Amino acid sequence: MIDIQNLSFRYPSHGDIVFREFNMQLETGHIYGLLGPNGAGKSTLLYLMAGLLTPQEGHVLCDGIDVRRRLPATMREVFIVPDEFELPHVSLDDYIRTNSVFYPHFSEDDMHTYLQTFGMTSNVNLGALSLGQRKKIFMSFAMATHTKVLLMDEPTNGLDILGKQQFREFILAGKKADSIFVVSTHQVKDVEQILDHVLMIDHSHVIADVDADDIRVGEALDLEAFYKDLIRKESIYVQE
């Protein structure tokens with residue numbers, strides 16, 4: 001479980017408070033959709049959950065351990081795929097050998113399976129790839145770590161139509177009873193059918209914390225309509 005308790009955070013470079021006394025819980029066995037208007041703090045929250053940012057007050061607990069301590073036993077169970085990232089100019093095989101040692105559950109066989117799902121092989125140099133290819137490589141590595149917590153910020157950005165379908169397939173295949181997947185995105189149509197729980201935040205407020213089945217209409221889950229309706233009801237005005 002991830003337990004966020006009385007979290008307060010702001011960036012030192014400016015005075016705006018991103019979170020003040022923010023609370024939220026995430027249970028195992030779920031694929032969460034993390035939604036919210038631009039500037040609501042979604043990406044910041046993922047970095048706080050990963051222990052890459054430190055709150056001024058409060059705690060983010062992963063199985064009862066504060067992630068700010070960055071203990072090896074905790075960090076090996078948390079992986080974040082940011083929206084923007086760089087990969088070194090090395091072969092993928094070298095990248096795997098260097099980085100997989102930090103994740104005891106890493107499976108090279110699964111890595112190759114995920115690459116094949118994306119129509120790729122390990123015989124590539126990371127510095128020569130397009131944005132979409134880098135995203136496929138990094139997502140494959142992230143899934144192959146088999147961490148309990150996988151945090152994804154705009155994971156379908158840069159993917160083509162087939163790549164988005166393939167992403168949905170292996171996210172569903174990788175879900176386990178003890179895992180927590182968090183997908184933060186504005187591209188809700190890309191992921192809405194794989195989510196089983198929806199969280200919507202606006203800075204320090206959780207304005208929706210609902211099971212996906214509770215907002216489905218028949219077999220369809222229309223997160224865009226749900227989002228617009230909730231924004232209207234909450235009288236939150238977002239400049240697009």
Side-chain angles (χ1 to χ4, degrees), residues 1-2 24-37 40 42-43 45-46 49-50 77-83 85 105 107 110-120 131-201 206-230:
M1 181 178 75
I2 295 178
M24 192 169 70
Q25 287 187 342
L26 296 91
E27 302 286 348
T28 56
H30 292 293
I31 303 174
Y32 288 91
L34 180 63
L35 312 179
K42 300 184 298 298
S43 297
L45 185 59
L46 294 184
M49 292 164 64
E77 295 294 350
V78 180
F79 198 99
I80 183 169
V81 179
D83 182 17
F85 58 87
H105 308 300
S107 169
D110 286 349
M111 174 79 185
H112 290 297
T113 298
Y114 296 138
L115 288 173
Q116 289 172 4
T117 300
F118 275 133
M120 302 191 69
L131 169 62
Q133 290 173 321
R134 292 198 305 272
K135 183 64 70 76
K136 291 176 181 180
I137 292 285
F138 202 39
M139 285 300 308
S140 296
F141 183 85
M143 289 292 296
T145 63
H146 294 293
T147 54
K148 289 184 179 179
V149 180
L150 178 56
L151 310 171
M152 296 163 277
D153 195 5
E154 300 291 354
T156 60
N157 274 2
L159 296 182
D160 55 26
I161 294 174
L162 182 57
K164 292 176 181 181
Q165 176 185 336
Q166 293 160 339
F167 165 78
R168 291 190 291 267
E169 290 173 356
F170 76 61
I171 287 294
L172 287 172
K175 176 185 174 182
K176 297 180 181 178
D178 64 346
S179 65
I180 297 175
F181 290 173
V182 183
V183 181
S184 174
T185 186
H186 291 100
Q187 311 299 324
V188 292
K189 294 297 182 184
D190 291 343
V191 301
E192 59 188 5
Q193 297 308 316
I194 67 172
L195 305 177
D196 56 42
H197 203 93
V198 177
L199 296 165
M200 192 179 299
I201 66 170
V206 177
I207 58 177
D209 184 353
V210 296
D211 190 287
D213 286 339
D214 292 340
I215 57 176
R216 280 192 170 90
V217 178
E219 295 295 321
L221 175 61
D222 189 342
L223 282 180
E224 186 174 322
F226 173 74
Y227 175 85
K228 290 178 179 178
D229 185 56
L230 185 61

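A quick note: this is a predicted structure, and the numbers were derived from the prediction, not measured.
- Closest approach of M1 and L26 over heavy atoms only: CG-O, 3.2 Å.
- With sequence neighbours left out, D213 forms a salt bridge (charged side-chain N to carboxylate O under 4.0 Å, His left out) with R216.
- Taking 4.5 Å as the limit, every side-chain heavy atom of K148 sits out of range of all side-chain heavy atoms of H105.
- Applying the salt bridge (Lys or Arg N to Asp or Glu O under 4.0 Å) definition to pairs two or more places apart or across chains, those involving residues 168-185 are K175-D196.
- Residues M24 and I2 are not in side-chain contact: their nearest non-hydrogen atoms beyond the backbone lie 4.5 Å or more apart.
- Among residues two or more places apart in sequence or in another chain, the side-chain contact (heavy atoms from CB on, under 4.5 Å) test is passed with L162 by D160, Q165, Q166.
- The list of side chain to side chain donor-acceptor pair (under 3.5 Å) pairs with a residue in residues 149-159, not counting sequence neighbours, reads S43-D153, D83-N157, E154-T185, E154-H186, T156-D190.
- Applying the side-chain contact (heavy atoms from CB on, under 4.5 Å) criterion to L172, with sequence neighbours excluded, gives I31, I194.
- Taking E27 as the reference, nothing meets the salt bridge (charged side-chain N to carboxylate O under 4.0 Å, His left out) condition, with sequence neighbours excluded.
- Taken from CE in M143 to OG in S179, the straight-line distance is 8.5 Å, to the nearest 0.5 Å.
- Applying the salt bridge (charged side-chain N to carboxylate O under 4.0 Å, His left out) criterion to E77, with sequence neighbours excluded, gives no partner residue.
- Q187 pairs by the side-chain hydrogen bond (donor to acceptor under 3.5 Å, both in side chains) definition with nothing, not counting sequence neighbours.
- For the pair M120/Y114, no side-chain contact is recorded, criterion being any heavy-atom separation below 4.5 Å from C-beta on.
- Taking the six-membered ring for Trp, F118 and F170 have ring centres closer than 6.0 Å.
- One distance of note links CG of L223 with CD of Q193; it measures 8.0 Å at 0.5 Å rounding.
- Legend: residues meeting side-chain contact (heavy atoms from CB on, under 4.5 Å) with H197, ordered by chain and number and at least two apart, are Y32, L199, D209, D211.
- When the salt bridge (charged side-chain N to carboxylate O under 4.0 Å, His left out) test is applied to K189, the partners found at least two apart in sequence or on another chain are E192, D222.
- Within the structure, ring pair (Phe, Tyr, Trp, His ring centres under 6.0 Å) pairs that include any residue of residues 145-168 do not occur (at least two apart or interchain).
- A distance of 5.0 Å separates OG in S184 from CG in L46, rounded to the nearest 0.5 Å.
- Using a 4.5 Å heavy-atom threshold, the side chains of F141 and F79 count as touching.
- At a threshold of 4.5 Å between non-hydrogen side-chain atoms, the residues I180 and L150 do not count as touching.
- The side-chain contact (heavy atoms from CB on, under 4.5 Å) search around A50 returns L52, V78, I80, L151, not counting sequence neighbours.
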